[in-house]
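Each remark here refers to the structure printed beneath this line.
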Number of protein chains: 2
Amino acid sequence: MQIAPPDFDRMFGALADHTRRDIVRRAIDGREGVAELASHYPMSFAAVQKHVAILERAGLVTKRRIGRRKVVRTNVEGLRVARRLLDQYEELWRGRIDRMTELVATTPSEETDR
Amino acid sequence: MQIAPPDFDRMFGALADHTRRDIVRRAIDGREGVAELASHYPMSFAAVQKHVAILERAGLVTKRRIGRRKVVRTNVEGLRVARRLLDQYEELWRGRIDRMTELVATTPSEETDR
DNA sequence: ACATCATACAACCTTATGGTTGTACCATGC
DNA sequence: GCATGGTACAACCATAAGGTTGTATGATGT
């Protein structure tokens, strides 16, 4: 068995909901169970449980049994995977800027096509 | 008029689609119009145009008229806004780790409750 | 063993999303 | 002025997403 390749559709999809982002934030401390998380939101327990499941499938949180609760903890590595993709876009952008300035630097007046 | 506050639902929602992420990547060079972008994907022009509109409303690309085309360009600042949110989660996580190690450092054996 | 707390999951409803086709709107070149 | 290239948008369709209630499973404390 292998570790799953990052599923960016799921990752960003999971982050595209205010409630889920708030769960990610709260679960950083990794001390609340699903019911405790649910108490913060104006929706049913089942709805919050679904949100947690979505975050879990996206690799953004993990659940661990403690006593009769299941404690939800944010998976920082998952967040980093998402961040790295954004970083890659930024790198591509820098690369383009570099090529542009290089073009400007090598083109002007005499030194064309060195 | 004010600049709009970041709408993370829209931002991450826009990034939660493979085609749109690919458009973001392609539009970094900022040289293709909507029709040219559309030619890369196995779907109708209208579908791609919708994707571009979604990216635009999310603040991830801008459109600029050049001749009869409208050239699509990735808005790097938009990407940075999304990235910063992920960074904030990471900071919160570090803060928690710091508090934990501090707790471990001040608690052990004799020096309890100094 | 049993009542109970915490979680999981199925069935259902409503609205959003991603795709389609068709039509209307602007610039450009002749 | 008019054909055309490029874009925008409306109407529609199928499926996914976010919510609900209800029921089933699992671990704890007495």
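To find a chain, count down the sequence lines: A is the first, B the second, and so on, and within it residues start at 1.
- Under 4.0 Å is where a charged nitrogen must lie from a carboxylate oxygen, and between A/Arg80 and B/Asp87 no such pair does.
- Within the nucleic acid shown, B/Ala47 comes within 4.0 Å of at least one base atom, counting heavy atoms only.
- Separating the CG atom of B/Asp17 from the P atom of D/dA17 is a distance of 12 Å, rounded to the nearest angstrom.
- Between A/His18 atom NE2 and D/dG18 atom P there is a gap of 14 Å when expressed in whole angstrom units.
- Taking atom NZ of A/Lys63 as the reference point, atom P of C/dC9 lies 7 Å away to the nearest angstrom.
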Please enumerate all protein N or O atoms sitting under 3.5 Å from an N or O of nucleotides 2-5 of chain D, with distances to 0.1 Å.
{"residue": "D/dG5", "atom": "O4'", "partner": "B/Arg68", "partner atom": "NH1", "Å": "2.8"}

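- B/Arg10 places its CZ atom 14 Å from the C1' atom of C/dT17, with the value rounded to the nearest Å.
- For A/Glu32 and C/dA6, the CD to C1' distance is 14 Å, given to the nearest whole Å.
- Under 4.0 angstrom from either OP1 or OP2 of C/dC26 there lies no side-chain N or O belonging to B/Lys70.
- Note: CG (A/Leu15) to P (D/dG18) measures 12 Å, nearest angstrom.
- Considering CG of B/Leu60 and CD of B/Glu77, their distance stands at 11.5 Å, rounded to 0.5 Å.
- Of the candidates C/dT20, C/dT7, D/dG6, the closest approach to any side-chain atom of B/Arg69 belongs to D/dG6.
- By the rule that hydrophobic residues join a cluster once side-chain heavy atoms approach within less than 4.5 Å of another member, A/Phe8 and B/Leu86 end up as members of one cluster.
- Atom-to-atom distance recorded for B/Gln49:CD and B/Leu37:CG is 11.5 Å, nearest 0.5 angstrom.
- Looking at heavy-atom distances under 4.0 Å, B/Gly13 makes no contact with the nucleic acid at all.
- Each of B/Glu36 and A/Gly67 was assigned the nucleotide of DNA chain D with the nearest heavy atom; the assignment lying further toward the 5' end belongs to B/Glu36.
- In summary, A/Glu36 and A/Arg69 engage in a salt bridge, as defined by a charged side-chain N under 4.0 Å from a carboxylate O.
- Look at B/Arg65 and you won't find any side-chain N or O under 4.0 angstrom from OP1 or OP2 of D/dG6.
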Can you give me the N/O atom pairs linking the protein to nucleotides 9-11 of chain D at distances under 3.5 Å, or say none if there are none?
none

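- A salt bridge links A/Asp22 to A/Arg26: one of the charged nitrogens lies within less than 4.0 Å of a carboxylate oxygen.
- When each of A/Thr74, A/Leu79, A/Val61 is paired with A/Ile28, the side chain to side chain contact (heavy atoms under 4.5 Å, CB included) condition holds for A/Thr74 and for no other.
- The local environment of CZ in A/Arg57 is sparse, with at most 12 non-hydrogen atoms from other residues, nucleotides or ligands closer than 6.0 Å.
- In this structure, the OH atom of B/Tyr41 is 15 Å from the C1' atom of C/dG18, given to the nearest Å.
- Rounding to the nearest 0.5 angstrom, the gap separating the CD atom in B/Glu56 from the CZ atom in B/Arg73 is 14.0 Å.
- The CZ-P distance, from B/Phe12 to D/dA17, rounds to 18 Å in whole Å.
- Not a single salt bridge (Lys or Arg N to Asp or Glu O under 4.0 Å) links A/Arg64 to another residue, sequence neighbours left out.
- A/Ser44 has a side-chain polar atom (N or O) that falls below the 4.0 Å cut-off from OP1 or OP2 of D/dT20.
- The nucleotide whose nearest atom lies closest to any side-chain atom of A/Ala35 is, among C/dA6, C/dT20, D/dG19, C/dA6.
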